[in-house]
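Below, chains carry the letters A, B, ... as their sequence lines are ordered, and counting in each starts from 1.
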Protein chains: 2
Amino acid sequence: MIVSRDQSCRFQLLPSVPITEMSPRCSTCTMGQLCLPMGMSQQDLARMDTLVQERIRVQKGETLYRMGDPLAAVYAVRFGTLKTHVTTEDGRSQITGFYLPGEIVGLDGLGEMQHASDAAALEDTEVCVVRLNDLQSLSADLPSLQHQFLRLMGKEITRDQLMLVMLGAMRAEERLAAFLINLSERLSARGYSASEFVMRMSREEIGSYLGLKLETVSRLFSRFAEAGLIQIRQRHVKLVDIAGIKELYSRSC
Amino acid sequence: MIVSRDQSCRFQLLPSVPITEMSPRCSTCTMGQLCLPMGMSQQDLARMDTLVQERIRVQKGETLYRMGDPLAAVYAVRFGTLKTHVTTEDGRSQITGFYLPGEIVGLDGLGEMQHASDAAALEDTEVCVVRLNDLQSLSADLPSLQHQFLRLMGKEITRDQLMLVMLGAMRAEERLAAFLINLSERLSARGYSASEFVMRMSREEIGSYLGLKLETVSRLFSRFAEAGLIQIRQRHVKLVDIAGIKELYSRSC
DNA sequence: CGACCTGTTGACACCTTTCAACTCTTGTGG
DNA sequence: CCACAAGAGTTGAAAGGTGTCAACAGGTCG
């Protein structure tokens with residue numbers, strides 16, 4: 001099946017990857033510590049394995065779901081990176097999040113039972129499909145799952161609120177510094193280097209996320225590099241002085 | 001029981017208002033259309049009445065809960081207005097929401113099972129205490145409640161994301177216009193006038209919410225008034241040209 | 001009635017955007 | 001394999017929007 005890259009892709013068209021005996025289940029997935037199964041008992045974990053019956057590959061640039069699509073499932077990133085962006089009626093658009101492996105996308109749709117954002121892949125990505133029907137019936141007799149799901153939703157709210165503070169109370173330099181540290185810590189939690197990594201998003205996407213223009217982002221990266229805080233070449237960045245970067249936003253007043 | 005006004009108030013110190021035969025239950029509450037019971041059947045509604053065993057009065061300026069408090073309950077505003085504000089480690093603070101009757105506060109704490117913001121009353125306020133234990137056990141055999149609760153959490157996320165777009169992509173004038181319209185619509189849904197109302201929050205609080213300084217808010221109100229869009233005297237505002245106000249932010253480009 | 005808090009208004013500084021030119025990288029087709 | 005085009009990123013100069021600082025007016029509450 002061939003799907004053209006620049007074309008919007010409906011759910012049904014995206015290649016579904018069947019779950020085989022060989023492919024990892026929740027109980028053996030390396031993302032278990034970070035994902036839905038976090039903190040579950042061995043016993044509960046076994047039951048989780050029935051939850052994900054399907055995975056979806058999303059190629060770089062393709063769309064997993066679109067704003068307004070009916071909400072049938074939420075998705076756990078298995079590998080790759082996604083971005084979500086919302087567009088208001090008046091055409092204003094903004095990236096609301098970047099999602100790394102182990103993180104759940106689609107929770108914002110639960111309010112109206114339809115997706116509240118577009119989700120697109122920044123690189124070739126695979127997600128586990130968590131159907132809401134299955135989730136609801138399973139969590140009925142798996143309290144730890146219900147609890148965990150609420151936790152994740154709560155975390156999403158907390159995350160958004162932190163972003164609100166960043167956008168409302170921080171200057172450009174502070175926002176970008178906080179962004180770098182946040183990305184670094186999340187990558188580090190996934191076993192990648194905390195000090196050297198590839199940003200999968202463009203300057204424009206970073207800007208959209210942080211409420212800045214791409215030129216501002218570019219200038220700030222240059223300034224950070226000049227100050228010896230980072231080394232940067234295109235999207236490859238090395239955090240040379242993490243403490244120094246943190247100081248950029250931690251000491252306010 | 002006397003609680004000094006400028007003092008932080010622990011949960012236990014706030015006056016609890018016992019539920020009597022006389023006082024309204026969920027099944028008869030006028031906020032039912034907007035609150036947790038929204039859309040429930042008569043039958044389910046009857047069972048909701050057992051959920052709220054307690055109400056709390058919060059006087060103007062007092063605090064309902066603080067960041068870091070363990071999360072034992074969420075709260076439905078019965079009358080009055082609350083604000084929530086978060087403070088980051090580095091001392092940055094921002095108002096993350098204003099809550100009107102029928103709206104639920106405390107959902108942001110579900111991530112870590114402790115409150116992620118402070119909640120304080122902008123005027124004398126009463127809230128219904130929804131204990132999480134009771135909520136979980138009741139929603140186990142009341143699917144409509146579980147569903148409704150997820151819906152409300154989803155709405156909280158959607159709301160935060162709209163704020164992200166406002167803070168990230170709108171200019172001061174547009175943000176304030178959107179704020180006025182949003183407040184107007186929410187008040188209108190509660191039976192108040194959509195065009196004339198009292199804002200319970202100060203210029204500084206509006207500014208904090210919108211990521212602006214109080215002087216900017218004040219100037220903009222003056223400009224809106226000059227342009228004939230509103231009439232304003234202190235916190236009493238009259239929206240003269242609602243369509244005109246909407247144009248301030250709806251036609252971008 | 002006076003103190004204090006809230007809100008208004010002005011002048012100026014500064015941060016970020018805007019517009020523009022240019023470079024570098026990447027991908028495509030001859 | 002190179003040439004070329006298109007996209008992504010960098011950098012400069014100037015404009016504009018908010019913030020800052022300050023003085024003052026108005027409202028509220030003891």
Side-chain angles (χ1 to χ4, degrees), chain A residues 4-6 59-61 83 92 94-95 120 122-124 166-177 179 198-227 230-237 248-249 252-253, chain B residues 4-6 59-61 83 92-95 120 122-124 166-177 179-180 198-227 230-237 248-249 252-253:
Chain A
S4 74
R5 177 164 295 182
D6 56 350
Q59 284 184 299
K60 183 174 175 176
K83 68 171 177 183
R92 239 176 283 258
Q94 175 151 346
I95 292 180
L122 297 181
E123 60 184 322
D124 291 358
M166 279 182 59
L167 295 184
M170 287 187 176
R171 292 173 324 160
E173 174 183 281
E174 302 169 320
R175 292 183 210 176
L176 191 63
F179 170 77
V198 173
M199 298 179 290
R200 298 297 177 179
M201 57 294 283
S202 69
R203 302 290 189 265
E204 183 168 21
E205 286 166 331
I206 296 172
S208 170
Y209 182 58
L210 298 176
L212 304 170
K213 293 297 161 191
L214 68 92
E215 294 96 328
T216 306
V217 173
S218 179
R219 268 186 254 273
L220 287 171
F221 275 140
S222 302
R223 257 214 275 147
F224 286 4
E226 251 179 89
I230 66 174
Q231 287 171 13
I232 190 162
R233 251 202 48 188
Q234 303 298 116
R235 301 186 179 184
H236 182 280
V237 65
L248 283 182
Y249 64 86
S252 65
C253 305
Chain B
S4 73
R5 175 165 294 184
D6 57 349
Q59 283 185 298
K60 183 175 178 177
K83 68 172 177 183
R92 242 175 282 258
S93 166
Q94 175 150 346
I95 291 179
L122 296 180
E123 59 185 323
D124 291 358
M166 281 182 59
L167 295 184
M170 288 187 174
R171 293 174 325 162
E173 176 183 281
E174 301 170 320
R175 294 183 209 175
L176 191 62
F179 170 77
L180 283 175
V198 173
M199 298 179 289
R200 297 298 177 178
M201 58 294 284
S202 68
R203 301 290 189 264
E204 183 168 21
E205 285 166 331
I206 296 172
S208 169
Y209 182 58
L210 298 176
L212 303 170
K213 293 295 159 188
L214 68 95
E215 293 95 329
T216 305
V217 174
S218 180
R219 267 185 255 271
L220 286 171
F221 275 140
S222 302
R223 256 213 277 148
F224 286 3
E226 252 178 89
I230 66 174
Q231 287 172 13
I232 190 161
R233 251 199 49 189
Q234 302 299 116
R235 302 186 178 183
H236 182 279
V237 65
L248 282 183
Y249 65 87
S252 63
C253 310

Asker: Give the rounded distance in Å between these two atoms: CG of L214(B) and P of dG10(C).
Answerer: 16 Å
Asker: Take a 6.0 Å sphere around CD of E123(B) and say whether it holds more than 12 heavy atoms from other residues, nucleotides or ligands.
Answerer: yes
Asker: Looking at every heavy atom in both L122(B) and K60(B), which two are closest together, and how far apart are they?
Answerer: O-CG, 3.6 Å
Asker: What's the CZ-P distance between R203(B) and dA25(D), to the nearest Å?
Answerer: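 It works out to 19 Å between those atoms.
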Asker: Send over the distance from E226(A) CD to dT11(D) C1', rounded to a whole Å.
Answerer: 11 Å
Asker: Pick the nucleotide of DNA chain C nearest each of Q234(A) and T216(A); which residue has the one closer to the 5' end?
Answerer: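 First, find each residue's nearest nucleotide; the 5'-ward one identifies T216(A).
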Asker: Check the distance between dA8(D)'s C1' and L122(A)'s CG and give it to me in whole angstrom.
Answerer: 15 Å
Asker: Is R233(B) side chain donor-acceptor paired with the dT6(C) base, going by distance under 3.5 Å alone?
Answerer: no
Asker: At under 4.0 Å, does any side-chain N or O of R171(A) touch on OP1 or OP2 of dG19(D)?
Answerer: no
Asker: Measuring from the side chain of K213(A) (C-beta onward, heavy atoms only), which nucleotide among dG19(D), dT6(C), dT17(C) has the closest atom?
Answerer: dT17(C)
Asker: So, is S218(A) close to the dT11(D) phosphate, meaning a side-chain N or O under 4.0 Å from OP1 or OP2?
Answerer: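 Checking dT11(D) against S218(A), no side-chain N or O comes under 4.0 Å of OP1 or OP2.
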Asker: Look at E174(B) together with R92(A) and state whether they make a salt bridge at an N to O cut-off of under 4.0 Å.
Answerer: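 Salt bridge present between E174(B) and R92(A).
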Asker: Describe the nucleic acid contact of G207(A) in one word from base, sugar-phosphate, nothing, applying a heavy-atom distance below 4.0 Å.
Answerer: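 No contact.
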Asker: Check the distance between dT25(C)'s P and E204(A)'s CD and give it to me in whole angstrom.
Answerer: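 To the nearest whole Å, that distance equals 20 Å.
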Asker: Students often get this wrong, so: under 4.0 angstrom with heavy atoms, is R223(B) touching a base, only sugar-phosphate, or nothing?
Answerer: nothing
Asker: For the backbone of L212(A) and the side chain of R175(A), can you confirm whether one donor and one acceptor N or O come within less than 3.5 Å of each other?
Answerer: no
Asker: Output the rounded distance in Å from CG (L248(A)) to P (dC15(C)).
Answerer: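 The distance from CG of L248(A) to P of dC15(C) comes to 14 Å, rounded to the nearest Å.
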Asker: Check every strand shown and say whether L212(B) touches a base, only sugar-phosphate, or nothing at a heavy-atom separation below 4.0 Å.
Answerer: sugar-phosphate
Asker: Start at the 5' end of DNA chain C and walk down; is the nucleotide closest to E215(A) or to I232(B) reached first?
Answerer: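 It is I232(B), whose closest nucleotide lies nearer the 5' terminus.
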Asker: Taking atom C1' of dA8(D) as reference, at what distance in whole Å does atom CZ of R200(A) sit?
Answerer: 16 Å
Asker: Has R219(B) got a side-chain N or O lying under 4.0 Å from the OP1 or OP2 atom of dG10(C)?
Answerer: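 So the side-chain polar atoms of R219(B) never come under 4.0 Å of the phosphate oxygens OP1 or OP2 of dG10(C).
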Asker: I need the CD-P distance between E174(B) and dT17(C), as an integer number of Å.
Answerer: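 After rounding, the gap between these two atoms is 14 Å.
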Asker: So does E215(A) pair up with R203(A), basic N to acidic O under 4.0 Å?
Answerer: no
